[in-house]
Amino acid sequence: TSKIRHLICRHQNSRLALLRMFLSISRELGEETEKRVRKSRAKKNWTLRNLLLRLHARSCQVTAEIITLVENGYADGAMARWRTLHEICVVATVISDSGEDLAERYVDHEIIESKRALDEYMICHKLLGYKPISKRETAHVNQAYDAAIEKYGKDFGAPYGWASAHLKKKRPAFRDLEWRADQS
């Protein structure tokens, strides 16, 4: 049995080595692309290019977390991060295929998530022994949220609402994004 364990460990280590190498290559390509994007004076698809760079950097970070978790024996944690990596890839694929408008919607949807987090925090901050968010900050978030809903419509306020018009669904789910990514 010790020979079997040794072979399994060697096999896992070789796969992790390949994943580490892939991560290094991805980071290098990301750095080169980021330098070219920053030097470029092109205004066309600026939001799309910058968003895809952000998603690429996030995917590299999550991949490093997966490697760390696997190396330290946390398979369940690694699987959870792998799911996060899958989600990032699906979102990046859908946005990349759809262009600047959807990238802008995705970026603008951050205020929807901020409003949702603010509302949840305000419900439980006392129980946790924290101070409430300032009235000024709350007003700022609420105003930005209202402006986004006014600009994009009520469906924009749903989870994945940034993709609602693109997918022609009032309340898109992640599986809808997966389906669209598979169509690419």
*Kindly indicate, with the supporting measurements, whether the criterion side-chain contact (heavy atoms from CB on, under 4.5 Å) is fulfilled by Arg83 and Met79.*
CA-CA 6 Å; Arg83 175 66 183 178; Met79 286 300 293; over 6 Å; no

*May I ask whether Val141 and Ile123 are part of the same hydrophobic cluster, defined by side-chain heavy atoms of I, L, V, M, F, W, Y residues being less than 4.5 angstrom apart, directly or through others?*
no

*Measure the CD-CG distance between Glu71 and Leu16 for me, rounded to the nearest 0.5 Å.*
5.5 Å

*Shortest non-hydrogen contact from Arg20 to Ile67?*
CG-CD1, 3.7 Å

_Ion pair Arg27/Glu31, N-O distance below 4.0 Å_ = no

*In chain order, what residues pass the side-chain contact (heavy atoms from CB on, under 4.5 Å) check against Ser40, with sequence neighbours excluded?*
Ala42, Arg49

_CE/Met122: more than 12 non-hydrogen atoms of other groups inside 6.0 Å_ = yes

_Asn50 side chain to Thr47 backbone, donor-acceptor under 3.5 Å_ = no

*asked:* Assess, by modelled atom type and distance only, whether the side chains of Asp108 and Tyr152 contain a donor and an acceptor separated by less than 3.5 Å.
replied: yes

*asked:* Is there a path of hydrophobic side-chain contacts, each under 4.5 Å between heavy atoms, that joins Leu18 and Ile25?
replied: yes

*With a 4.5 Å limit on heavy-atom distance, are the side chains of Leu23 and Cys60 in contact?*
yes

*Under 3.5 Å donor-acceptor, Ser164 side chain and Gly161 backbone*: yes

_Check this for me: does any side-chain nitrogen of one of Glu32 and Arg36 sit under 4.0 Å from a carboxylate oxygen of the other?_
no

*Honestly curious: do Ile88 and Leu69 fall in one hydrophobic cluster under the side-chain, below-4.5 Å linking rule?*
no

*Report, as yes or no, whether the 6.0 Å neighbourhood of atom CZ on Arg171 holds more than 12 heavy atoms from other residues, nucleotides or ligands.*
no

*Under the side-chain contact (heavy atoms from CB on, under 4.5 Å) test, residues paired with Ala148 that sit two or more places apart*: Ile111, Ile112, Phe156

*Can you list the other members of the hydrophobic cluster that holds Leu127, where links are side-chain heavy atoms under 4.5 angstrom apart?*
none

*Look at Arg180 together with Asp176 and state whether they make a salt bridge at an N to O cut-off of under 4.0 Å.*
no

_ring pair (Phe, Tyr, Trp, His ring centres under 6.0 Å) partners of residues 123-148, not counting sequence neighbours, each pair once_ = Tyr121-His125

*asked:* For Arg175, is there an ion pair with Glu178 - N to carboxylate O distance below 4.0 angstrom?
replied: no

_Option passing salt bridge (Lys or Arg N to Asp or Glu O under 4.0 Å) with Glu110 (candidates Arg116, Arg105, Arg54)_ = Arg54

*Taking the hydrophobic residues Ile, Leu, Val, Met, Phe, Trp and Tyr, and joining any pair whose side-chain heavy atoms are under 4.5 Å apart, which ones share a cluster with Val37?*
Leu53

_Counting only heavy atoms not in Asp76 (residues, nucleotides, ligands), do more than 12 fall under 6.0 Å from its CG?_
no

_Side chain Thr84, main chain Ala80, donor-acceptor under 3.5 Å_ = yes

_Heavy-atom check, side chain of Tyr106 versus side chain of Leu51, under 4.5 Å_ = yes

*Do Ser96 and Leu52 come close enough that some side-chain heavy atom pair is under 4.5 Å?*
yes

_Residue pairs, two or more places apart or on separate chains, that pass ring pair (Phe, Tyr, Trp, His ring centres under 6.0 Å) and touch residues 38-89_ = His86-Phe174

_Contact check, side chains of Trp162 and Ile95, non-hydrogen atoms, under 4.5 Å_ = yes

